[in-house]
There are 2 protein chains.
Amino acid sequence: MTVTLADVAARARVSPATVSRVLNGNYPVAESTRERVLRAVDELDYVLNGPASSLAAATSDLVGVLVHDIADPFFGIMASAAQSSIGEGGSGRGGGEKLAVVCNTGGSPERELTYLTLLQRQRAAAVILMGGSLEDPAHLAATTGKLAKLAEAGTRVVLCGRPPVTGDANAAALVFDNRGGARRLTEHLLELGHRRIGYAAGPADRTTTRHRLEGHRAALTAAGVAEGPTVHSPYDRQAGYRATAELLARDPDLTAVVAANDTVALGVCAALRERGLSIPGDVSVAGFDDLPFSVDAVPSLTTVHLPLHEAGTRAGRLAMGTEDPPAGGLARVPAELVVRGSTGRPRE
Amino acid sequence: MTVTLADVAARARVSPATVSRVLNGNYPVAESTRERVLRAVDELDYVLNGPASSLAAATSDLVGVLVHDIADPFFGIMASAAQSSIGEGGSGRGGGEKLAVVCNTGGSPERELTYLTLLQRQRAAAVILMGGSLEDPAHLAATTGKLAKLAEAGTRVVLCGRPPVTGDANAAALVFDNRGGARRLTEHLLELGHRRIGYAAGPADRTTTRHRLEGHRAALTAAGVAEGPTVHSPYDRQAGYRATAELLARDPDLTAVVAANDTVALGVCAALRERGLSIPGDVSVAGFDDLPFSVDAVPSLTTVHLPLHEAGTRAGRLAMGTEDPPAGGLARVPAELVVRGSTGRPRE
DNA sequence: GCCTCGATAGAAAGCGCTTTCCATCGGCGA
DNA sequence: TCGCCGATGGAAAGCGCTTTCTATCGAGGC
């Protein structure tokens, strides 16, 4: 029914072994033979049976990319970049065509684990975990254990924007300088003269949230400025909207609000505007990530630029083995302050 | 080294066949036996070998989701919804755990074909194609042929936001009412009194572009209003920005600009604002899709709402076979006009 | 001119699972 | 009490490929 490798072999008048060798290209085959085989493949419209191939070779050409939320451009950009760089790599088995698959964990540790198991089951060639992780110890232990098992089974593990757990030696990690970026952002606000700064943070139990908050606090401490109100909430627009009400309730005289990320900042702006507060006239607003839309916001958003595309590309290369893992298994990705229109001097 | 099904069988003192049956659950196994097996699985930390399983069963639990651009929320939202509904479906083989993998074609027909081949190779259980297709006949023929082959091999094919090619009987299709939505949008502008309307269209060779443009023109024709300038460009912000310059050059007296989608509309707004034109005071602007950010735009965007989440969910269910395919294999998804702040009466 | 060696190609043994027969066993109707 | 049936579980034959391990054939080397 379906064409098998044996059919191709018969047609090309060679053994199945030879066909396999031509297809995988890691064994010398005479040019004339190769051509004959390729012609047969073409004529029969043969498609390799992936499962059979993976079974025999004990590895597949699947690369898993785990993200918290595909619909969020933060992940979309990284995932897309990773997928491109994975697609272009060309030396592996099966003609080097790797299938990069992105999986949406929804930020849930259970689904993360489920997907990791599924990928382990498929004998994935590599796994990339994007975005910060939950700091819940139980979750951390479970995930780390699973990753160790994957690594042991020959699956390459890459972390992108996720700090490695100590002892997690077999994963290459790309970590964003969230702390430094957040610090510079708050310093910028302080330099402008702000002294009452609210902070609309992300979920309390995420590494990313903690690091950004730490950077923010470090700047305040260094300047000897008292910390303003902080509200934790999810990484979405609604959250920013609601957090703003809370922030303002806690300190009606805020002159600036720092948001966990650009999306949250959008919500903050909407809430502020609704109360008749002008930006940055009455209140300055800052985001984080520098997502594409932040330049289009009105006013355009002061934020911290994260080279998401580059990071994703690099993660993809690491997963392919095209790029050597960084020394110590960990590379820092810089975060750069971008000053735009949403921040200014406080009034009076 | 790695634990195999045979190991589990030995430990549970049953045959491999029984273990397989317990794991796949489509055969009666005594409760006590089942428990023994599951305990053994747990104790040995056994993970099924996917390739082996797929090889023997001649099908895998992979579901491919092809999108033009993951980083675009339009696709992100649909893909994410599809992935959720696929993850929750629970009756298939391997415990019903399907692995929904999203693949980024970048809008390139070649990559689309490559991914389809890769999925065919993996014996995917289903494939979902999201977003309009290129209308290039060669491409259409190639893709249709490939889809036919997939269907023939038992892979379910679902189109979501992509019109089925005639004769492509074995695919279930969800099509957006792009024509109707665009028509209502332009009618809205006409009712407001606009007579000089520019159109920042998408790429000329996409079905989506064509349908939206057709709807727009239908409204104009019905009202007896002459068509304004139209510029084709990609579906991104930059494109909208540039298109606006062109549109204004062709007709400096435009009172409204309709954009191919919300993202493009954002670029249009930016360009307009930069020239000192107020929205909607000087020029009204409308988008399409109603992506989450459009409500946050300033002014908030008048657009056409597409139930992307619902469509994605439905596509996922169709792929899982959880939902019956629509009669005739084709279901229309409504597109609803949403009037917000970016459109108003033309001046004077 | 014979033997050795490099370059190719074939034979065959799995890879780890599923699934089609069968075999077995306890219970129930006659 | 005997035979038959439904409910379970085992044996074994693959699924389609990869990959040793060999075999063969020319070309040189001495």
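Order of the sequence lines fixes the chain letters, A, B, ..., with proteins taken first and strands second; residue numbering starts at 1 for each chain.
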Problem set entry | Rounded distance in Å - CG (L23(B)) to P (dG16(C)) | 16 Å
For this session: Taking the side chain as every heavy atom from C-beta outward, state whether D7(B) and T4(B) have any pair of such atoms under 4.5 Å apart.
Result: yes
Exercise. Rounded to whole angstrom units, what separation is found between the CG atom of L55(B) and the P atom of dG14(C)?
Worked result: 17 Å
Problem set entry | Most 5' of A56(B) and P16(A) on DNA chain C, judged by nearest nucleotide | P16(A)
For this session: Would you indicate, yes or no, if dC17(D) has its OP1 or OP2 atom less than 4.0 angstrom from a side-chain nitrogen or oxygen of S53(A)?
Result: no
Exercise. To the nearest Å, how far apart are N49(B) CG and dC15(D) C1'?
Worked result: 13 Å
For this session: Could you tell me which residues satisfy side-chain hydrogen bond (donor to acceptor under 3.5 Å, both in side chains) with E43(B), sequence neighbours excluded, listed by chain and number?
Result: R11(B)
Exercise. Can you pull the salt bridge (charged side-chain N to carboxylate O under 4.0 Å, His left out) pairs that have at least one residue in residues 44-54 of chain B, sequence neighbours excluded?
Worked result: K149(A)-D45(B)
For this session: Measure from CG on L5(A) to C1' on dC15(D) and round the result to the nearest Å.
Result: 13 Å
Seminar exercise, completed: Residues passing the ring-ring contact (aromatic ring centres under 6.0 Å, His included) test with F75(A), sequence neighbours excluded, are H68(A)
Problem set entry | Rounded distance in Å - CG (D7(A)) to C1' (dC17(D)) | 13 Å
For this session: Apply side-chain hydrogen bond (donor to acceptor under 3.5 Å, both in side chains) to E110(A) and list each qualifying residue two or more places apart in sequence or on a separate chain.
Result: S108(A)
Exercise. To the nearest Å, how far apart are R34(A) CZ and dA7(C) P?
Worked result: 15 Å
Exercise. Heavy atoms under 4.0 Å, any strand shown: does T4(A) hit a base, just sugar-phosphate, or nothing?
Worked result: sugar-phosphate
For this session: May I have the distance from R13(A) (atom CZ) to dT8(C) (atom C1'), rounded to whole angstrom?
Result: 18 Å
For nucleotides 7-9 of chain D, which of its nitrogen or oxygen atoms have a protein nitrogen or oxygen under 3.5 Å away, and what is each distance?
| unit_1 | atom_1 | unit_2 | atom_2 | d |
| --- | --- | --- | --- | --- |
| dG9(D) | OP1 | T33(B) | OG1 | 2.4 |
| dG9(D) | OP2 | A30(B) | N | 3.0 |
| dG9(D) | O6 | Y27(B) | OH | 2.7 |

Exercise. Residues in side-chain hydrogen bond (donor to acceptor under 3.5 Å, both in side chains) with R123(A), at least two apart?
Worked result: none
Exercise. Y46(A) has a side chain; which of dC17(D), dT18(D), dA12(D) sits nearest to it?
Worked result: dC17(D)
Exercise. Is there a donor-acceptor pair closer than 3.5 Å between any side-chain N or O of R156(B) and the backbone N or O of A319(B)?
Worked result: yes
Problem set entry | Whole angstrom value for the distance that separates P of dT20(C) from CG of N24(B) | 12 Å
Seminar exercise, completed: Applied to residues 16-38 of chain B, the salt bridge (charged side-chain N to carboxylate O under 4.0 Å, His left out) test, sequence neighbours excluded, yields E31(B)-R34(B)
For this session: Only counting residues at least two apart or in another chain, list the ones meeting side-chain hydrogen bond (donor to acceptor under 3.5 Å, both in side chains) with T143(B).
Result: H139(B)
Exercise. If you fit an axis to the five pairs at each end of the helix from dG1(C)-dC30(D) to dA30(C)-dT1(D), how big is the angle between those two axes, to 10 degrees?
Worked result: 40°
